[in-house]
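Working notes, structure below.
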Amino acid sequence: MKYKLFTFFLMVVLTNYKVVAAQEKTIPEQISLHTFNPSTLLWYDKPAAKWEDALPVGNGRLGAMVFGTTDEETIQFNEDTYWSGGPYSTVVKGGYKSLPEIQKLVRDGEYLKAHTLFGRELMGYPVEQQKYQSLAELHIFLPEKDISNYKRWLNLETAITGVSYKIGNVQLKEEIFVSAPGQVIAMRFTADKKKSISFKAVLRGVRNQAHSNYATDYFRMDGLGNDGLVLTGKSADYMGVEGKLRYEARIKAVAEGGKVSVEDGELIVSNADAVTLYFTAATNFVNYKDVSGDQHKRAKNYMAAVAGKTYQSILQEHLSDYTNLFNRVEVKLPVTGLSYLPTDIRKARNPDEPDPSLSALAYQFGRYLLITSSRPGTEPANLQGIWNNSQNPMWDSKYTTNVNTEMNYWIVESANLSECAEPLTRMVKELTDQGAQVAKEHYGCRGWVFHQNTDLWRVAAPMDGPTWGTFTVGGAWLCTHLWEHYLFTQDTAYLKDIYPVLKGAVQFFADFLTPDASGKWLVTNPSTSPENFPARSGNGRYFDEVTGSFLPGTSICAGSAIDMEILSDLFKYYISATGILNTDADFAKQVAGLRNKLMPPQISKDGTLQEWAEDWPQSEYPHRHISHLYGLYPGDVFSLKSTPQWIDACRKSLLQRGDGSAEWARPWKAAMWARLQDGDHAYRIIKGYYKEASNPQFFGNAGFPVQVDGPLGISAAISEMLIQSQDSVINLLPALPKDWDDGNVKGLKARGGFELDFSWENGKANMVQMKSLAGKVCSVQEKPGYTFGVYTASGKKVKTRKTADDILHFETEKGETYQLKIQ
């Protein structure tokens, strides 16, 4: 009933949005009383002009981008295991023999020589990796008549995207969702007059135009019976890796009234009252080293499973599954007249006009992206989540782990979507396979190591050349995500399961760390600070006053700041894990000694945090990466309370890098300003992202191929503004901007195993309810001007103790709910 009411009100109310625009000062009664929630609805008054403007739907495995066009509707499909190539290895045996010489060259300042030798002896082969692929496109050819009353939308509460418009005097509606229980994409067309739906549809494969002269990809398009279409094909060979994936995609039409037929590969619907198209697809992928599955049988079984069900039953299964995840969290921020305008208009005007609820919408869109692109049993969200329309996507749409993959999952725990982290956890486990081989053959070390990129096949060796490939802490960074999952869930069985992964990462660095040039500290060598080049002598990089630019060089160094900060966290987390699990005490003691010898943070002559072990200036000002500030966010190295001696240098570094730059860099900077408890600065960056760096539906990289790290990072930054829980101390509203003076949230999670609902007025909390999920001690940061009294749900006062730093501590029982009342 709620779903039907929503659709009705959407049709009636949004027709008059121009009236709303003229009355933005006061929200009209017909808007404020209906069920349209501007915090959970994206809507537009025109079709997508290009793929980047389309609306995404997905179930973790299957994804679609819906254009909402009226003459030739286009729906582009993805399946998360359809990549180029097949199982392969990039391990090069015996590279470790050259490592001592490379390390000596770096210590001696012979960076170009070290670069060359690393490239020849330690790079993985092939040097490039495989590519995520576009699976298919559905083209639906509709009658070309006068179009009016057009709207398209994405309802985050239901994960349904829709289009509505009039063709002549017929009102046509299209609704699309992707069912996780049913493993199908359902596309339903209805009209307000019988026998009004007629169209032709073609299911097309996607060719690799850029490499058609040598790629071996192919596909075949056929009719299937008298009511369906089928597409079969294989993955392309790439970089000498044979394409071993096979896929099959199917569409079946179920019409109510009218006629359905198939002619010459076209699906023809004539004079139907309503029609539903079901799409499903499968590959022969079993896991990263096994492609023995039967794609034909899988696709056939998926379709057969929904054959006996009605559209309404499939819809209800989808809603039950999806809302179980999405409805866990609610975020409400102040609403203005601008809040009811089309989303693209809201985004464009937000930097200059108040519309706080747009940030609630952006936050929930990030949660939506994670739910729809990362489910248990699927592949993790890659650079484009699950949505890609190219056989040659930018950066291959891989897993880039010098920030992008991590950013995709910063929100997963606090947003109450812990299950959605399972694909990432599984990928990290799988990376230990080739990661252990790389550790042995490339570095002569125990444990496992992973660098800055991987693909479906879980290769782990350095790639793309020494400038990027010397980032040895990609796997270590991913391990911090495994630890975060434990901190939020307090699940010791999970910790025991992932403990060997943590230990293996630590073992590698216990062997790999080497003294710096002074002999005082331990550092990584070779090392790099992702994608940033130091301006220094000895690496062939110098400023040319004639051209006004720096000539090429290398970024190889020893002991970059991000390496040291990630390892400081990794070692600390590992030591904690050994204590919780009561294991490996001797090795933990050794690791503690290594941690104490890691090169500590350094401050440059200009007062910024040093990015490299030496005080080198950077070649590009300002640079898009802010890697040396990992320890501020998402790391646990710097904080206002525990390390005040580094905070001014962190702040100056952020100011030096500026608020703009790449789409993914903006939310990272916003989250860092939130950690510095400067909510207005964080919000200014977020508003700049809306207008300058994102597509109409918040996807990142405006004007370029889509990325999901930006919108997912924005959600993480907003979370940090509303709640923080470093060191398992809950801090409510730590970075609240002035525009968000009033609001409420439900269902956010905090480290230590707590779920919180809270509201605030005039910037101060006025209601806090906390559920203990693990029965641990709860610690809450009190604020100047008020303290908390703690009560059980039955009203019983709970004994508390307060420490000198104004932190309130109290014992909890698992499953119990507590009220924190303002005193």
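Below, each value reflects all heavy atoms present in this structure, side chains not excepted, and no hydrogens, waters or symmetry copies. Keep in mind that what you see is a predicted model, and the values were worked out from it rather than measured.
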- Note on the structure: For His481, the side-chain hydrogen bond (donor to acceptor under 3.5 Å, both in side chains) test, sequence neighbours excluded, returns none
- Message: With salt bridge (Lys or Arg N to Asp or Glu O under 4.0 Å) as the rule and sequence neighbours excluded, what pairs involving residues 669-684 come up?
- Response: Asp659-Arg684, Arg675-Glu720, Asp680-Lys738
- Are Asp709 and Asn404 linked by a side-chain donor-acceptor pair shorter than 3.5 Å? yes
- Residues Lys597 and Lys520: closest non-hydrogen pair is CE-O, 4.4 Å
- Item | Beyond-backbone contact of Asn744 with Glu761, side-chain heavy atoms, under 4.5 angstrom | no
- Query: Less than 4.5 Å apart, any side-chain heavy atom of Leu370 and any of Tyr409?
  - Reply: yes
- Message: When you measure from the side chain of Glu663 to the backbone of Gly710, do you find a donor-acceptor pair of N or O atoms at a distance under 3.5 Å?
- Response: yes
- Partners of Ala577 by side chain to side chain contact (heavy atoms under 4.5 Å, CB included), sequence neighbours excluded? Trp483, Leu495, Tyr499, Leu502
- Among all residues two or more places apart in sequence or in another chain, which pass the side-chain hydrogen bond (donor to acceptor under 3.5 Å, both in side chains) test with Glu484? Arg751
- Query: Are Tyr340 and Phe36 close enough that their ring centers fall under 6.0 Å?
  - Reply: yes
- Message: With rounding to the nearest 0.5 angstrom, report the OG to CG distance, Ser373 to Asn408.
- Response: 7.0 Å
- Output for pair (Leu820 CG, Ile730 CD1), nearest 0.5 Å, gives 8.0 Å
- Query: Considering residues at least two apart in sequence or located in another chain, which fulfil the salt bridge (charged side-chain N to carboxylate O under 4.0 Å, His left out) criterion with Asp757?
  - Reply: none
- Are Tyr690 and Phe698 an aromatic pair by the rule of ring centers under 6.0 Å? yes
- Message: When you compare the side chain of Val403 with that of Trp477, does any pair of heavy atoms fall below 4.5 Å?
- Response: yes
- Item | All salt bridge (charged side-chain N to carboxylate O under 4.0 Å, His left out) counterparts of Asp355, not counting sequence neighbours | Arg346
- Write down the atom of Leu756, the atom of Ala750, and the distance for their closest heavy-atom approach. CD1-CB, 3.9 Å
- Query: Between CD of Glu816 and CD of Glu811, what distance do you get to the nearest 0.5 Å?
  - Reply: 13.5 Å
- Item | Residue pair Ser568 / Arg595, side-chain donor-acceptor N/O under 3.5 Å | yes
- Which heavy atom in Trp521 sits nearest to a heavy atom in Leu598, and how many Å separate them? CE3-O, 3.6 Å
- Return the orientation label for the Phe365 and Tyr368 ring planes: parallel under 30°, perpendicular over 60°, tilted otherwise. parallel
- Query: Are the side chains of Glu813 and Tyr818 in touch, meaning some heavy atoms are under 4.5 Å apart?
  - Reply: yes
- Query: Looking at Tyr683, is Lys687 sitting on its ring face, NZ or CZ under 6.0 Å from the six-membered ring centre and within 45 degrees of the normal?
  - Reply: yes
- Message: Are the side chains of Leu522 and Leu594 in contact, using a 4.5 Å heavy-atom criterion?
- Response: yes
- Query: Do any pairs count as a salt bridge (Lys or Arg N to Asp or Glu O under 4.0 Å) and have a residue in residues 771-788, sequence neighbours left out, and if so which ones?
  - Reply: Glu782-Lys802
- Task: Tell me, please, which residues at least two apart from Asn695 pass side-chain hydrogen bond (donor to acceptor under 3.5 Å, both in side chains).
- Result: none
- Message: If we ignore hydrogens and angles and just use 3.5 Å, is the side chain of Ser653 paired with the main-chain N or O of Thr608 as donor and acceptor?
- Response: no
- Message: Under a 4.0 Å threshold between the charged nitrogen and the carboxylate oxygen, would Glu330 count as salt-bridged to Lys332?
- Response: yes
- Item | Glu419: salt bridge (charged side-chain N to carboxylate O under 4.0 Å, His left out) partners, not counting sequence neighbours | Arg328
- Output for pair (Asp569 CG, Cys479 SG), nearest 0.5 Å, gives 12.0 Å
- Item | Side chain proximity check, Pro601 to Phe638, heavy atoms < 4.5 angstrom | yes
- Message: So, using side-chain hydrogen bond (donor to acceptor under 3.5 Å, both in side chains) as the criterion, who are the partners of Gln697 when residues are at least two apart?
- Response: none
- Donor + acceptor pair across side chains of Lys746, Gln769 (<3.5 Å): no
- Item | Any Phe754 side-chain heavy atom under 4.5 Å of Leu773 side chain | no
- Query: Between Ala493 and Asp491, which heavy-atom pair has the shortest distance, and what is it?
  - Reply: N-OD1, 3.1 Å
- Item | Within-4.5 Å side-chain heavy-atom neighbours: Thr817 and Thr792 | no
- Message: Does Asn582 have more than 12 heavy atoms from other residues, nucleotides or ligands lying within 6.0 Å of its CG?
- Response: no
- Item | Distance in Å, Ile685 CD1 paired with Leu654 CG, rounded so as to fall on 0.5 Å steps | 7.5 Å
- Query: Going by an N to O cut-off under 4.0 Å, is there a salt bridge joining Glu611 and Arg657?
  - Reply: yes
- Test item: Thr336 side-chain N/O and Pro354 main-chain N/O as donor-acceptor pair under 3.5 Å: yes
- Neighbour count above 12 (heavy atom, 6.0 Å) for Lys814 NZ: no
- Mark yes or no for whether Asp806, through its side chain, and Gln781, through its backbone, hold a donor-acceptor pair below 3.5 Å. no
- Task: Assess the side chains of Ser39 and Ser357: does a donor N or O sit below 3.5 Å from an acceptor N or O?
- Result: no
- Distance (rounded to the nearest 0.5 Å) between Met770 CE and Leu732 CG: 10.5 Å
- Message: Under 3.5 Å, is there a donor on one side chain and an acceptor on the other for Ser529 and Ser560?
- Response: no
- Quick one: does Gln610's side chain have a donor or acceptor within less than 3.5 Å of a partner on Trp612's backbone? yes
- Query: Under 3.5 Å, is there a donor-acceptor pair linking the side chains of Asn701 and Gln707?
  - Reply: yes
- Query: Out of Trp668, Tyr630, Trp664, which one pairs with His625 under the ring-ring contact (aromatic ring centres under 6.0 Å, His included) rule?
  - Reply: Trp664
- Query: With under 30° as parallel and over 60° as perpendicular, where do the rings of His681 and Trp673 fit, or are they tilted in between?
  - Reply: parallel
- Minimum heavy-atom separation for Trp646 to Gln602, with atom names? CZ3-N, 4.5 Å
- Query: How far apart are the closest heavy atoms of Ser715 and Arg367, and which atoms are they?
  - Reply: OG-N, 4.2 Å
- salt bridge (Lys or Arg N to Asp or Glu O under 4.0 Å) pairs touching residues 400-412, sequence neighbours excluded, are none
- Task: Could you tell me which residues satisfy side chain to side chain contact (heavy atoms under 4.5 Å, CB included) with Pro696, sequence neighbours excluded, listed by chain and number?
- Result: Tyr44, Asp53, Asp344
- Donor-acceptor pair between Glu531 and Asn402 side chains, under 3.5 angstrom: yes
- Query: Any side-chain donor-acceptor pair under 3.5 Å between Thr40 and Glu157?
  - Reply: yes
